[in-house]
Amino acid sequence: MRRSHLAREIVETLALALLIFLAVHFTVQNYQIDGSSMQNTLQNGQYVLVNKTAYLFHAPERGDIIVCHEPDQPTIDVIKRVIGLPGDKITIDSTNVWVNGVELHEPYITAQSNPPTQPITVPANEYFVMGDNRPNSKDSRYFGPVPRDNIVGKATLVDWPLSQWHFLNSYSSVYSQIK
């Protein structure tokens with residue numbers, strides 16, 4: 001009797017551990033920053049926690065920092081900031097970005113530097129993304145908008161190194177005037 005009770009407890013504990021492992025595996029991911037395209041917001045070598053379920057019930061929003069598969073190289077994951085939503089008109093000159101005619105005043109970028117680009121209307125189910133380190137970021141200015149299906153999840157916090165732990169800011173006030 002005692003032996004079967006112990007065996008049942010071991011099986012229940014293993015099942016619960018497996019269930020927790022699977023829940024965590026399918027809902028969050030740790031992503032290591034590789035490169036300088038998101039400086040000063042994120043530094044090379046830092047780890048961020050990515051919420052893979054963030055967009056199950058609502059779409060990405062302007063200012064969100066996302067991990068996505070690069071459209072022209074889907075085996076490569078990149079981390080970028082959402083600038084434009086489906087239907088938005090993005091206009092970029094050498095130093096500024098406008099979304100639907102509203103100029104963005106972005107306190108998070110390292111330098112105002114853009115390659116020559118034509119205005120673009122973001123297609124349905126796609127998102128225009130840019131790195132915060134504009135002179136050193138391969139983003140939608142180069143590979144075009146990111147399809148919704150390429151988005152892995154929303155980066156929510158820097159979790160390593162521990163001395164740099166902090167939640168990521170989406171700077172919603174930068175985008176609040178856009179219609």
Side-chain angles (χ1 to χ4, degrees), residues 12-86 97 99 104-113 122 125-143 145-176 178:
E12 286 175 353
T13 301
L14 291 174
L16 183 59
L18 178 63
L19 183 64
I20 291 170
F21 169 78
L22 291 174
V24 168
H25 178 73
F26 289 108
T27 60
V28 295
Q29 171 184 332
N30 219 11
Y31 177 83
Q32 184 176 21
I33 307 304
D34 182 18
S36 61
S37 74
M38 284 298 290
Q39 284 179 346
N40 286 331
T41 303
L42 298 168
Q43 307 302 319
N44 187 45
Q46 286 180 321
Y47 283 85
V48 294
L49 193 63
V50 178
N51 180 349
K52 292 166 40 173
T53 63
Y55 302 125
L56 286 179
F57 303 109
H58 70 86
E61 298 174 359
R62 292 181 200 97
D64 285 357
I65 298 174
I66 63 167
V67 171
C68 60
H69 309 304
E70 211 177 276
D72 57 354
Q73 297 182 51
T75 58
I76 296 175
D77 286 346
V78 295
I79 186 163
K80 305 293 176 193
R81 187 178 299 274
V82 175
I83 302 297
L85 306 178
V97 177
V99 178
L104 300 183
H105 300 285
E106 304 169 284
Y108 46 80
I109 65 173
T110 56
Q112 294 177 306
S113 175
V122 183
N125 296 314
E126 295 189 11
Y127 296 84
F128 196 89
V129 299
M130 296 174 76
D132 291 355
N133 185 0
R134 300 289 163 78
N136 191 25
S137 178
K138 183 179 177 195
D139 50 39
S140 288
R141 297 170 297 171
Y142 299 96
F143 53 64
V146 174
R148 171 66 182 90
D149 290 343
N150 284 33
I151 297 175
V152 174
K154 179 179 180 179
T156 56
L157 65 93
V158 173
D159 63 352
W160 191 261
L162 285 177
S163 62
Q164 297 171 17
W165 188 97
H166 67 278
F167 285 99
L168 295 172
N169 190 342
S170 65
Y171 291 94
S172 57
S173 62
V174 169
Y175 306 93
S176 63
I178 301 171

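Please read these numbers as outputs of a predicted model, since none were measured by experiment. Starting from 1, each residue takes its place in the sequence as its number. Side-chain atoms are counted along with the backbone in the values below, which use heavy atoms only and exclude waters and symmetry mates.
E126 is not listed as a side-chain neighbour of S140, based on a closest heavy-atom distance of 4.5 Å or more. The closest side-chain heavy-atom distance from V99 to Y175 is not below 4.5 Å. Taking 4.5 Å as the limit, every side-chain heavy atom of V50 sits out of range of all side-chain heavy atoms of V28. Using a 4.5 Å cut-off on side-chain heavy atoms (C-beta onward), I33 and Q43 make no contact. The shortest side-chain heavy-atom distance between K52 and V152 falls under the 4.5 Å cut-off. Between V78 and C68 the shortest side-chain heavy-atom distance falls below 4.5 Å. When side chains are defined from C-beta on, M130 counts as touching V97, because their heavy atoms get closer than 4.5 Å. Looking at heavy atoms from C-beta onward, I79 lies out of side-chain contact with I66 at the 4.5 angstrom threshold.
Under a 4.0 Å N-O distance rule, the pair R134/E106 qualifies as a salt bridge. Taking the charged nitrogens against the carboxylate oxygens, K80 and D139 have no contact shorter than 4.0 Å, which rules out a salt bridge.
Judged as a ring-ring contact (aromatic ring centres under 6.0 Å, His included), and not counting sequence neighbours, the contacts of H58 are Y55. The ring-ring contact (aromatic ring centres under 6.0 Å, His included) search around Y171 returns Y108, not counting sequence neighbours.
The minimum heavy-atom distance between V174 and L104, with the atom names listed, is O-CD2, 4.0 Å. Heavy-atom minimum distance, P147 versus P145: CD-O, 3.6 Å. Between G35 and N44, the shortest heavy-atom contact is N-OD1, 2.7 Å. The heavy-atom pair separating R81 from N169 by the smallest distance is NH1-O, 3.2 Å. Heavy-atom minimum distance, Y127 versus V82: CD2-CG1, 4.2 Å. Listed here is the closest heavy atom pair of P135 and T110: CD-OG1, 4.1 Å.
There is no side-chain donor-acceptor pair under 3.5 Å between N136 and S37. With no hydrogens or angles considered, a side-chain donor-acceptor pair links T41 and D132 at under 3.5 Å. Side-chain polar atoms of Q46 and Q164 form a donor-acceptor pair below 3.5 angstrom.
One finds the CG atom of L49 at 14.0 Å from the CH2 atom of W160 (value rounded to the nearest 0.5 Å). A distance of 12.0 Å separates OH in Y31 from CD1 in I65, rounded to the nearest 0.5 Å. To the nearest 0.5 angstrom, Q32 atom CD is 3.5 Å from Y47 atom OH. Put simply, CD1 on I151 and CG on D64 are 9.0 Å apart, with the number rounded to the nearest 0.5 Å. Of the inter-residue distances, the one linking I83 atom CD1 with F128 atom CZ reads 8.0 Å to the nearest 0.5 angstrom.
Between the side chain of N133 and the backbone N or O of Q39 there is no donor-acceptor pair closer than 3.5 Å.
Put simply, the residue from T75, D77, N150 that forms a side-chain hydrogen bond (donor to acceptor under 3.5 Å, both in side chains) with H69 is D77.
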